[in-house]
Q: 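Below are the structure tokens for one structure; questions will follow.
Just so it is clear, the model here is predicted, and its values are computed rather than measured. The chains referred to below are lettered A, B, ... by the order of the sequence lines, with proteins before strands, and numbering in each begins at 1.
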Amino acid sequence: MSEEKSLNFLEDIIEQDLKEGKYQSIVTRFPPEPNGYLHMGHATSICLNFGLTKKYPGYTNLRFDDTNPLTEDTEYVESIKADIKWLGFEWKNELYASDYFEQLYQYAITLIKKGLAYVDDLTAEEIAKLKGTPTEHGKDSPHRGRSIEENLDLFARMKNGEFIDGAKTLRAKIDMAHTNMLMRDPLLYRIKHAHHHRTGNDWCIYPMYDFAHGQSDSIENITHSICTLEFIPHRELYDWFIEKLEIYPSHQYEFARRNLSYTVMSKRKLLQLVNDKHVNGWDDPRMPTISGMRRRGFTPKSIRTFCDKVGIAKRENIIDFSLLEFCLREDLNNTAHRAMVVLDPIKLIITNYENNKVEELPSENGPDENLGTRLLPFSKELWIEREDFMEIPAKKWFRLAPGAMVRLKSAYIIKCDNFIKDIDGNVTEIHCTYFPESKSGSDTSGLATKGVIHWVSVAQALTAEVRLYDRLFKVENPNSDSEDSGGDFKDYINPASLQTITTAYIEPSLKNATETMRYQFIRKGYFCLDKDATPEKLVFNRTVTLKDAWVKETKKEG
RNA sequence: UGGGUUAUAGUGUAAAGGUAGCACACCAGAUUUUGAUUCUGUUCGUCUAGGUUCGAAUCCUAGUAACCCAACCA
């Protein structure tokens, strides 16, 4: 197993930098804006930034990009920190762009003094109008020619709160005819008489993203500032500020955000799903948020493995959801405790089994022997899965059917002799005989069955609510054809993304289930206890199904 | 009508002029007291057209397609 994983383009750059002695160690940062919950897209960025400094000497800062007081809140800061920790990463320093407000203010003054920034009186609409379009040059603002002294005075008065919101802005003086729209005298500061979650009412002017991000990187000596593709045009500005301010030269590198099939990832769309009640909150197990996935039962390791397998590049992509499921199952298969649960019950009576007799049969907790075994009560009356019986067996069917034999997992081989139907034709009871000498672990019957099914003893069964989750969207790319065609991503919502089973029969050992435990309900999938569970009422979420070759077989028949 | 970025199996990602590889998915088979897991195997790919070269995914030329850029958001 000496397979050498090839480097992605960022690792190539870093190894080159290290080799050339440009840096002895590297510094990266994860820069969320505290205005929402983290989702799978952030997870790839987290794994990337923190992963790089795990692989190479250096460290990663957590820096909240909190330059817009109107949308940001401490509540989000806390959830973001919790999510990063849950994913298994540790930041070196917890920092905030707002920590640098004073320094940023001084940088602005420096630019003004160099004649590279000016105070503008234009309204947002007027500025937009003069900005031009991608194909047409912009025009200079009438205030572009103000003297340095006047600009200094005006900017100080902006800071001192002499003007109302929107009355004035500070802009860089670059080039209104630039082909890069961002270089057409971008806004540096705007007036917002607003309360900031950290600086309170200290400031009434706030820096824009472009004037805060690069300089924050620089202040922290970030060597590799990694962001997504849409920031490519910003890099020119990023470099411009660093050059004019003559500060530490951080460098920005861009990669393509990861898109997952059958999900949406934009904050706006996720917010809409929550607000319109298509899901039950940000941590709904169907949401691609970190909190939702955690509640669903995803493991941090599976997410990290996924990010690692997907890799990193610069082209548009939609990654198969099945790759994420593969990583999930791979992890869960090794760690989840097995349990027997019947979701859609039908009663099975073993006619030749002694009344009132109860045996305690051992069953393995998992493929890893260290997980040990537990005892399952077995008796004359059992619940089995309705779908494990077919009155008229299909081709290649090797579960229960009239006259057919099947093994009850960890127990005996049984043979179906008879079944009872109600007036509507529904099977209500199955009668079988068992072979005492076929007992699991000491089978001398010489019988062999291809089919093995799970069961729960009626008398000892407990009940639980089980929530079966499926993908939230019916189509691979719910983002496509939105706005233009009049279509909407919400049109693609899968109406069957949640199926609630109010009364499932569970084996008694599940009474002690905890939220951190992961289970495999044998033959049904991986499950975990939901936070809604109480000692009186257990609630389980299906994390992901098991792969099912039988379902494929039935699909082949049409 | 401008500028920027990207094109490799169904999906994602490697190959730095020298055998187009890996993973997931798919399909087929073996094992199996979970139709799971595990194992084996098959099919399938360099955006197009030219050119350079003994040899091109890679270099050159010309096209084509997709995405991004006109928030006092980040």
Q: Would you say B:A65 has OP1 or OP2 under 4.0 Å from some side-chain N or O of A:Arg315?
A: no

Q: Dot-bracket, 5' to 3', for RNA chain B please: Watson-Crick or G-U pairs under 3.5 Å, [ ] where pairs cross earlier ones, | where the partner sits on another strand, dots elsewhere.
A: .((((((..((((....[..))))..((((.......)))).....(((((..]....))))))))))).....

Q: Is the NZ or CZ atom of A:Lys409 positioned over A:Trp455's six-membered ring, under 6.0 angstrom from the centre and within 45° of the axis?
A: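 No, a cation-pi geometry is absent between A:Lys409 and A:Trp455.
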
Q: Report which part of the nucleic acid A:Glu136 touches: base, sugar-phosphate, or nothing (heavy-atom distance under 4.0 Å, all strands).
A: nothing

Q: I want to check one thing: is the phosphate of B:C73, taken as OP1 and OP2, less than 4.0 Å away from some side-chain N or O of A:Lys192?
A: yes

Q: Hey, is the side chain of A:Arg190 poking within less than 4.0 Å of OP1 or OP2 on B:A74, counting only N and O atoms?
A: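 A:Arg190 to B:A74 OP1/OP2: side-chain N or O found under 4.0 Å.
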
Q: Would you tell me if any nitrogen or oxygen in the side chain of A:Lys168 comes within less than 4.0 Å of OP1 or OP2 on B:C72?
A: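 No, no such contact exists.
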
Q: Are there over 12 heavy-atom neighbours, none belonging to A:His193, within less than 6.0 Å of that residue's NE2?
A: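 Yes, because the 6.0 Å sphere around NE2 of A:His193 holds more than 12 heavy atoms from other groups.
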
Q: In whole Å, what separates the P atom of B:G17 from that of B:A57?
A: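 Going atom to atom, P in each nucleotide, I get 13 Å.
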
Q: Are OP1 or OP2 of B:U11 and a side-chain N or O of A:Ser322 less than 4.0 angstrom apart?
A: no

Q: Taking the side chain as everything from C-beta on, heavy atoms only, tell me whether A:Lys396 gets closer than 4.5 Å to A:Lys450.
A: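 No, their side chains stay 4.5 Å or more apart.
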
Q: Taking any heavy-atom pair under 4.0 Å as a contact, classify A:Tyr189: base, sugar-phosphate, or nothing.
A: nothing

Q: Using a cut-off of less than 4.0 Å, is there contact between a side-chain N or O of A:Lys552 and OP1 or OP2 of B:C26?
A: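 True: A:Lys552 side-chain N/O within range (under 4.0 Å) of B:C26 OP1/OP2.
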
Q: Does a side-chain N or O from A:Lys450 land closer than 4.0 Å to OP1 or OP2 of B:U33, or not?
A: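 No, A:Lys450 has no side-chain N/O under 4.0 Å of OP1/OP2 on B:U33.
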
Q: Does A:Arg523 make a side-chain N or O approach to OP1 or OP2 of B:G35 shorter than 4.0 Å?
A: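 So the side chain of A:Arg523 is within the cut-off, an N or O lying under 4.0 Å from OP1 or OP2 of B:G35.
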
Q: Any side-chain N or O of A:Lys547 less than 4.0 Å from the OP1 or OP2 oxygen of B:U37?
A: yes

Q: Using the salt bridge (charged side-chain N to carboxylate O under 4.0 Å, His left out) rule, take A:Arg198 and A:Asp66 through it: C-alpha gap first, then chi angles, then the decisive distance, then the call.
A: CA-CA 9 Å; A:Arg198 300 205 91 218; A:Asp66 55 351; 5.2 Å; no

